[in-house]
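These notes are about the structure you will find just below.
Source: prediction; values computed, not measured.
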Amino acid sequence: LSADPTYLTALIVVLFSGATAWVGFRAKKLADEYEQFTRFEALLINRPSAAKDWLNVKQPSWAYEYFASIQSKGLAWRDHSRLIDLLAEKTSAPHEMPWWINGVLLKLGLLGKVIGFSIMALQLGEMSSFDSGQTSAVLKTLTGGLGIALLTTMTGLTANILLGIQLMRLDRFADCLIAKAIKISEVDLQKVMDC
């Protein structure tokens, strides 16, 4: 913090930490919902009558909402595309803001680079002449500006990469949840209908 008087590095760390905490809470929510789909799938395969009972008790889960909607349309209703779209919106739409924050982290790092180099250029521009006695003052000024530039760029790039990895994994898990819903509704539910 003492090396960056612009506090951009601190801002990058705070944004990264907040986004990482959000990713953790979101991953927990997706895992809980995935578990609900898995539970319904197991009931559907092993005990179809228990799956119907599961749908008769209102539950605060995406799986319940999804399959209760299918049931309300009738098991013969084959076009689940609108319900899949709604489920995809629930699973992935909230990830847009953290992806935006991920881009901001990179931009803040680059802004710090510009500020650091600007500090160096302004200090050099203020020098009317150069003598050997000013060497240590010039080096101190250049080092300070260069330190800001490199520190903020490194922090922004690192935070961007790490948060990007987290968000990519979160998006893939959301896709797995959607794939499970499609598999259950198109394959497992159809087997029960055919029996």
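Side-chain contacts under 4.5 Å among hydrophobic residues (ILVMFWY), followed directly or transitively, place I165 together with I161. By the 4.5 Å side-chain criterion applied to Ile, Leu, Val, Met, Phe, Trp and Tyr, V14 is assigned to no cluster and stands alone.
Residues passing the side-chain hydrogen bond (donor to acceptor under 3.5 Å, both in side chains) test with S61, sequence neighbours excluded: none. Under the side chain to side chain contact (heavy atoms under 4.5 Å, CB included) criterion, V13 pairs with S17, T155, not counting sequence neighbours. K28 is linked by a salt bridge (charged side-chain N to carboxylate O under 4.0 Å, His left out) to D32, counting only residues two or more places apart in sequence or in another chain. E33 meets the salt bridge (charged side-chain N to carboxylate O under 4.0 Å, His left out) test with K29; sequence neighbours excluded. The side chain to side chain contact (heavy atoms under 4.5 Å, CB included) search around L122 returns none, not counting sequence neighbours. The side-chain hydrogen bond (donor to acceptor under 3.5 Å, both in side chains) test applied to T143 returns no partner, not counting sequence neighbours. In terms of the salt bridge (charged side-chain N to carboxylate O under 4.0 Å, His left out) criterion, residue partners of R39 (sequence neighbours excluded) are, by chain and number, E35. Annotation: ring-ring contact (aromatic ring centres under 6.0 Å, His included) contacts of Y34 (sequence neighbours excluded): F173.
Atom CD1 of residue I12 and atom CG of residue L163 lie 12.5 Å apart, to the nearest 0.5 angstrom. To the nearest 0.5 Å, the span separating CD1 on I182 from NZ on K180 amounts to 12.5 Å. Distance check: L170 CG to L30 CG gives 5.5 Å after rounding to the nearest 0.5 Å. Atom-to-atom distance recorded for L151:CG and L8:CG is 10.0 Å, nearest 0.5 angstrom.
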All N/O donor-acceptor pairs, side-chain side in residues 84-94, below 3.5 Å, sequence neighbours left out:
from: K90; atom 1: NZ; to: E65; atom 2: OE1; distance (Å): 2.1
from: T91; atom 1: OG1; to: L87; atom 2: O; distance (Å): 3.3
from: T91; atom 1: OG1; to: A88; atom 2: O; distance (Å): 3.1

Please table the atom pairs, donor to acceptor, closer than 3.5 Å between any side-chain atom in residues 96-115 and protein atoms at least two apart or in another chain.
from: W99; atom 1: NE1; to: D171; atom 2: OD2; distance (Å): 2.8
from: N102; atom 1: OD1; to: N160; atom 2: ND2; distance (Å): 3.4

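A distance-only check finds no donor-acceptor pair linking the side chain of D4 to the backbone of I148 [under 3.5 Å].
Relative orientation of the Y66 and F37 rings is tilted, given thresholds of 30° and 60° on the angle between their planes.
Looking only at side-chain heavy atoms (C-beta outward), Y64 and Q36 stay at 4.5 Å or farther from each other. Counting heavy atoms from C-beta outward, W22 and Q166 have side chains that stay 4.5 Å or more apart.
Across M154 and T158, no two heavy atoms sit closer than the pair O-OG1, 2.8 Å. Scanning all heavy atoms of the two residues, the minimum distance from A181 to F67 falls at O-CZ, 4.4 Å.
Linking Ile, Leu, Val, Met, Phe, Trp and Tyr whenever their side-chain heavy atoms come within less than 4.5 Å puts L11 and L162 in one cluster.
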